[in-house]
Novice: 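This structure is in structure tokens; I'll ask about it shortly.
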Protein chains: 2
Amino acid sequence: MNIGDAAKATGLSPKTIRYYEGIQLVVADRAQNGYRHYSEAHIHKLRFIQRARRLGFSIDVCRALLSLYEDPNRASAEVKSIARKHLREIEAKIVELQNLQGTLSHLIDHCAGDGRPDCPIMDNLSAESSALARDDRKLH
Amino acid sequence: MNIGDAAKATGLSPKTIRYYEGIQLVVADRAQNGYRHYSEAHIHKLRFIQRARRLGFSIDVCRALLSLYEDPNRASAEVKSIARKHLREIEAKIVELQNLQGTLSHLIDHCAGDGRPDCPIMDNLSAESSALARDDRKLH
DNA sequence: CCTTGACCTTACTGTAACTGGAAGCCTTAT
DNA sequence: ATAAGGCTTCCAGTTACAGTAAGGTCAAGG
């Protein structure tokens with residue numbers, strides 16, 4: 001399998017697959033002409049990584065997961081611990097974004113959105129004290 | 001005001017303030033000795049940017065907001081539109097993360113987390129068909 | 001006067017995870 | 001023979017900075 005076929009088989013782009021080789025994540029064999037050659041085992045690894053990336057795991061964590069994947073003596077506790085850490089980070093990010101969402105939608109709701117310059121959003125950013133600046137404090 | 005004081009006054013680091021000057025966002029005056037000098041107007045701008053960044057606006061959008069901030073003839077509709085676009089992006093990101101959260105916490109719940117290698121998380125990543133791989137499909 | 005320490009300056013590198021593009025070789029079909 | 005498409009490497013760009021090095025400046029103290 002050449003890189004183009006490997007790309008189709010894994011849902012990754014050839015660019016990405018080359019990048020993964022560059023960082024020693026999945027290193028292909030080479031044909032006589034210099035072309036990369038991918039076996040089924042390579043494809044499995046790449047697919048594994050693609051799925052892990054889709055779940056938001058960083059490349060470094062993918063590397064760790066991949067080595068656990070290939071370790072028949074792994075403890076599922078280790079995998080679970082990695083996943084839990086990732087989950088906590090995702091949850092923290094969600095909370096952070098929800099706070100932004102609350103503040104922003106509140107400001108947007110109070111902006112006339114017409115041709116005049118007066119704008120609570122701007123007032124908030126410039127932090128002139130205003131009714132909305134005060135409201136914003138309540139959001140915390 | 002030197003850059004250190006400006007940093008304290010705005011909550012930004014000197015590095016960040018220099019970076020903002022490098023990208024022509026807020027350009028300071030210079031003293032005879034080459035030191036940057038910040039007026040109250042500079043501080044206001046920097047504070048404005050700091051708040052906008054805290055709300056998650058990109059530097060490019062901050063630039064646009066800043067120019068609206070300084071335009072006495074601005075229409076609040078324009079500000080509102082920018083903010084709404086940003087809010088939509090935040091909301092999309094929240095949904096995306098919540099999907100990850102759902103999938104991950106589901107997988108984690110079904111992982112024994114003991115010393116044995118069997119692990120639904122790994123099964124999901126390697127996409128061998130399993131009860132949990134099937135469960136995962138239901139999550140969509 | 002000299003030193004010390006706290007500032008300030010520029011410039012370069014590194015970060016995450018790729019994507020895009022240039023220049024050129026290989027293969028296959030017409 | 002040539003054109004199309006795929007492959008190769010290498011370099012640059014993305015975001016928004018932070019770290020570090022090498023060196024100039026300033027105020028205070030001995």
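We name chains A, B, ... by the order of the sequence lines, and we start the count at 1 in each one.
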Novice: Using OP1 and OP2 only, check whether a side-chain N or O of A:Arg63 sits under 4.0 Å from C:dA16.
Specialist: no
Novice: Round to a whole Å and report the spacing from CG of B:Leu12 to P of D:dA18.
Specialist: 9 Å
Novice: Show your reasoning for whether salt bridge (Lys or Arg N to Asp or Glu O under 4.0 Å) applies to B:Lys93 and B:Glu89.
Specialist: CA-CA 6 Å; B:Lys93 191 75 189 170; B:Glu89 288 164 2; over 6 Å; no
Novice: If you look at every strand shown and take non-hydrogen atoms under 4.0 Å, does A:Arg53 touch a base, only sugar-phosphate, or nothing?
Specialist: sugar-phosphate
Novice: Identify which nucleotide among D:dT25, C:dC8, D:dT8 has an atom closest to any side-chain atom of B:Arg18, counting heavy atoms from C-beta outward.
Specialist: C:dC8
Novice: Given D:dA16, D:dT8, C:dT9, identify the nucleotide with an atom nearest to the side chain of A:Ile3.
Specialist: D:dT8
Novice: From the options C:dC8, C:dT10, D:dG6, select the nucleotide whose nearest atom is closest to the side chain of B:Asn2.
Specialist: C:dC8
Novice: Among D:dC17, D:dT25, D:dT9, find the nucleotide with the atom closest to the side chain of A:Arg36.
Specialist: D:dT9
Novice: State, with a plain yes or no, whether a side-chain heavy atom of A:Thr10 is found less than 4.5 Å away from one of A:Ile49.
Specialist: no
Novice: Counting just side-chain N and O atoms, does B:Thr16 come under 4.0 Å of either OP1 or OP2 of D:dA18?
Specialist: yes
Novice: Closer than 4.0 Å, any side-chain N/O of A:Ser13 to the OP1 or OP2 of C:dC18?
Specialist: no
Novice: Can you tell me which nucleotide in D:dT8, C:dA17, C:dC18 comes closest to the side chain of A:Tyr20?
Specialist: C:dC18
Novice: To the side chain of B:Lys15, which of D:dC7, D:dG19, C:dT9 is closest?
Specialist: D:dG19
Novice: If hydrophobic clusters are built from ILVMFWY residues whose side chains come within less than 4.5 Å, do B:Val95 and B:Leu87 share one?
Specialist: no
Novice: Angle class for the A:His110/A:His106 ring planes (parallel below 30°, perpendicular above 60°, tilted otherwise)?
Specialist: tilted
Novice: With the side chain of A:Arg30 defined as its heavy atoms from C-beta on, choose the nearest nucleotide among D:dC17, D:dT9, C:dT10.
Specialist: D:dT9
Novice: Separation of B:Glu21 atom CD from C:dC8 atom C1', in whole Å?
Specialist: 13 Å
